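We name chains A, B, ... by the order of the sequence lines, and we start the count at 1 in each one. What you are looking at is a predicted structure, and each value in this text was computed from that prediction instead of being measured.
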Amino acid sequence: MDKVTTRFAPSPTGFLHMGGVRTALYNFLYARKNNGSFVLRIEDTDTARNREEWATGLVDDLAWLGLSHDVFAKQSERTQVYRDAVKKLIDSGHAYISKETPTEAGQREEVVRFKNQNKVVTIQDIVRGEVKVDTTDLKDFIIARSINEPLYHLAVVIDDALMGITHVIRGEEHLSNTPRQILIQEALGYSRPVYAHLPLMLANDKSKLSKRKHGEAVSLTFYRASGYLPHAILNFLLLIGWNPGTDEEFFTLEEMVKRFDLTKVQKGGGVFNVEKLNWINKHYILQMTQEEQWEWIDRFTPKEYNREMLRRIQSILIDRISAFGDIQKLFDNGEFIYFFKNPSYNNVSIAWKDTSIQTTIQHLQEALRSLSEIQNVRWSADVIKESIWDYAEQHGKGAVLWPVRVALTGSEKSVDPFTVASCIGQEETTSRLLNAIKHIS
RNA sequence: GGCCUCAUCGUCUAGCCUGGUCCAGGACGCGACCCUCUCACGGUCGAAACUCGGGUUCAAAUCCCGAUGAGGUCACCA
């Protein structure tokens, strides 16, 4: 039996989108599972729309995801192969040169059309089962703009055959195109690969995920830039359209390879839902070591934020984010900025509920007093808490702790006062308490 | 519009092939409560679905037919 060979064949006309990533993943997994070969083929026959940087980006994105390929090819470097095939088709009477009247700029006066025999094609699709299509209404479709310029369907068929692709795993949008490819395939005397048409990756409105319609948030680039982990993305995408039939949700790449099974692929399209991605990403962030987390935090946080403080509040940050890009969003929203600069008390009430100003000042002064008794070397959240806890319990935790916390943060919502105090240090804590007292006096 | 595909909680889905164990299971999200000075985390509990109509059968989410709905595709794009 032939060695299992799959391929991912994107065209470099834009960013790699999430549907494409899943297609790549499934192809990769199926090849690896069967000790086969995974081909990455850049489909750049449309010279007008291709751009080299997109091709480079595609390769880079796949590498970042860890979806390594065994064979790399570019259609633009294979023109001779296509030319030979076109000649062969014409010589054998399966295709002919046709005179045309161009209706748009760039169109040729002569193109190569396939001579359609109008037969019924029956496809055995792994995920869809048997699909029968009458190819009559395809007419004599165009397969090349000229002998040197093959069109998509022709190039795909030739490449798949010559590269020994055994399994064509691609999105359902190609199901309708399959009959015409099979026609070309048969005319060229190639054997037919196994087809598996994957359910579509849908947007919230249930239509096919597309950049034009749904914006940047459909491209891998967006998630990469937002600090999502490559493996979390793969794990998330894996589960849209496939599942192991158990309740398991997390898989290492090795487990994916071992468990993946084309016959368990879903038929219905699946909506790309970010909440679940966030949850999976968070799960993997929590699995990282502190050092690993730090590398990402450092990379995704603007330089102006003090790294020493950033390190101190690492676990707090990790607690609040689902992707590393969220850190900047948090800071941009004004959250946690009290770790980096003095708070202002202008838009916040320092006193707790209906506690009087007098009493609040008393509490703040008491906090100041007991905190000043802590030896600087012992300055830590636990010690700080211990030093004011009894007093707070006696006089009402809200009445005491709220003003202390607001004095330190200038915010109604924040991390607890003990942690904040321990992070900003004894001197700064003292200074902020003093400022707060001054502010309400 | 022609052709093709699909149809279980808001979303991802298990179950469907091999009808009964399903007044339909899990997860995300959501809600409530607990924890708690606030926020977040965490814990507990909860609401939430078999598109509709026929048929087959003692019995249908599961099989058959039809309707409806949704999506895809019909380029000298891929």
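Following rounding to the nearest Å, A/I126 (CD1) and B/C17 (C1') show an atom-to-atom distance of 16 Å. Atom CG in A/L238 sits about 14 Å away from atom C1' in B/A27, given to the nearest Å. To the nearest angstrom, C1' of B/U73 lies 14 Å from CZ of A/F141. Between A/K267 atom NZ and B/U62 atom P the separation is 15 Å, expressed in whole Å. Remark: C1' of B/A40 and CG of A/L286 are 13 Å apart, rounded to the nearest angstrom. B/C17 atom P lies 14 Å from atom NZ of A/K264, rounded to whole Å. When the C1' atom of B/U11 is taken as reference, atom CG of A/N243 falls 15 Å away, rounded to whole Å. Straight-line distance from the CD1 atom of A/I350 to the P atom of B/C37: 20 Å, rounded to whole Å.
Comment: A/D160 engages A/R7 in a salt bridge, judged by a side-chain N to carboxylate O separation of less than 4.0 angstrom. Remark: A/R145 does not engage A/E100 in a salt bridge, criterion side-chain N to carboxylate O under 4.0 Å. Taking a cutoff of 4.0 Å between a charged side-chain nitrogen and a carboxylate oxygen, A/R49 and A/D46 qualify as a salt bridge. Taking the charged nitrogens against the carboxylate oxygens, A/K208 and A/E172 have no contact shorter than 4.0 Å, which rules out a salt bridge.
Taking atom C1' in both B/U13 and B/C58, the straight-line distance is 32 Å, to the nearest Å. Taking the C1' atom of each, B/C9 and B/C22 are spaced 14 Å apart, rounded to whole Å. Distance noted for atom C1' between B/U11 and B/A70: 16 Å (whole Å).
Pairing of B/A70, defined by two Watson-Crick or G-U wobble distances under 3.5 Å, is identified with B/U5. Of all nucleotides present, none satisfies the Watson-Crick or G-U wobble test against B/G19 with each distance under 3.5 Å. Both distances falling under 3.5 Å, in either a Watson-Crick or a G-U wobble arrangement, place B/G53 opposite B/C65.
One finds no side-chain N or O of A/S411 lying less than 4.0 angstrom from the OP1 or OP2 phosphate oxygen of B/C39. A close approach under 4.0 Å does not occur between any side-chain nitrogen or oxygen of A/Q266 and OP1 or OP2 of B/C6. Of the side-chain N and O atoms in A/K413, none sit less than 4.0 angstrom from OP1 or OP2 of B/U38. Applying the 4.0 Å criterion to OP1 and OP2 of B/U11, one finds that A/K206 has a side-chain N or O inside that range. Here A/W279 reaches the OP1 or OP2 of B/C28: one of its side-chain N or O atoms lies under 4.0 Å away. Distances shown here put a side-chain N or O of A/R145 below 4.0 Å from the OP1 or OP2 atom of B/C77. A close approach under 4.0 Å does not occur between any side-chain nitrogen or oxygen of A/K353 and OP1 or OP2 of B/C37.
Under a 3.5 Å cut-off, the side chain of A/R259 and the backbone N or O of A/N243 do not form any donor-acceptor pair. When atom types are taken as modelled, the side chain of A/T360 and the backbone of A/A351 share no donor-acceptor pair closer than 3.5 angstrom.
Distances were taken from every side-chain heavy atom of A/V133 (C-beta onward) to each of B/G71, B/A40, B/C4; the shortest belongs to B/C4. The A/D319 side chain lies nearest to B/A40 when the options are B/C76, B/A40, B/C12. Here the nucleotide nearest the side chain of A/E173, chosen from B/G72, B/C76, B/U38, is B/G72. Comparing B/U38, B/C4, B/G26 against the side chain of A/R405 picks out B/U38 as the nearest.
Across all strands, A/E275 comes closer than 4.0 Å only to sugar-phosphate atoms, never to a base (heavy-atom distances). Residue contacts for A/T45: at a heavy-atom cut-off of 4.0 Å it reaches the sugar-phosphate backbone alone, with no base atom in range. Nucleic acid contact class of A/S11 (heavy atoms, under 4.0 Å, all strands): sugar-phosphate only. At a threshold of 4.0 angstrom between heavy atoms, the contacts of A/H197 with the nucleic acid are absent. Among the atoms of the strands shown, only primed sugar atoms or phosphate atoms (P, OP1, OP2) are found under 4.0 Å from some heavy atom of A/E249. Counting non-hydrogen atoms under 4.0 angstrom, A/E43 reaches the backbone sugars and phosphates but no base. Nucleic acid contact class of A/D416 (heavy atoms, under 4.0 Å, all strands): base. Residue-level contact check: A/V131 touches the backbone only, with heavy atoms under 4.0 Å from sugar-phosphate atoms and none from bases. In this structure, A/P102 reaches the bases: a heavy-atom distance under 4.0 Å links it to at least one base atom across the strands shown. As judged by a 4.0 angstrom heavy-atom cut-off over every strand, A/D46 is placed among residues touching the sugar-phosphate backbone only. Residue contacts for A/G241: at a heavy-atom cut-off of 4.0 Å it reaches the sugar-phosphate backbone alone, with no base atom in range.
Donor-acceptor pairing under 3.5 Å, judged by distance alone, is absent between the side chain of A/D44 and the base of B/A78. Interface remark: the A/R49 side chain does form a donor-acceptor pair with the B/C77 base, using a distance-only criterion of under 3.5 Å. Not a single donor-acceptor pair, N or O on each side, falls under 3.5 Å between the base of B/C6 and the side chain of A/R128. No hydrogens or angles were tested; on distance alone, nothing pairs the side chain of A/S207 with the base of B/G71 as donor and acceptor under 3.5 Å.
Two residues are said to be in side-chain contact when any heavy atoms from C-beta on lie closer than 4.5 Å; A/F250 and A/Y284 meet this criterion.
Sorted by first and then second residue, the ring pair (Phe, Tyr, Trp, His ring centres under 6.0 Å) pairs with a member in residues 121-148 of chain A read A/F114-A/F141; sequence neighbours excluded.
Of the two residues near RNA chain B, A/K397 and A/W242, the one whose nearest nucleotide lies more 5' is A/W242.
Within the model, atoms CD1 of A/I285 and OG of A/S322 stand 7.0 Å from one another, a figure rounded to the nearest 0.5 Å.
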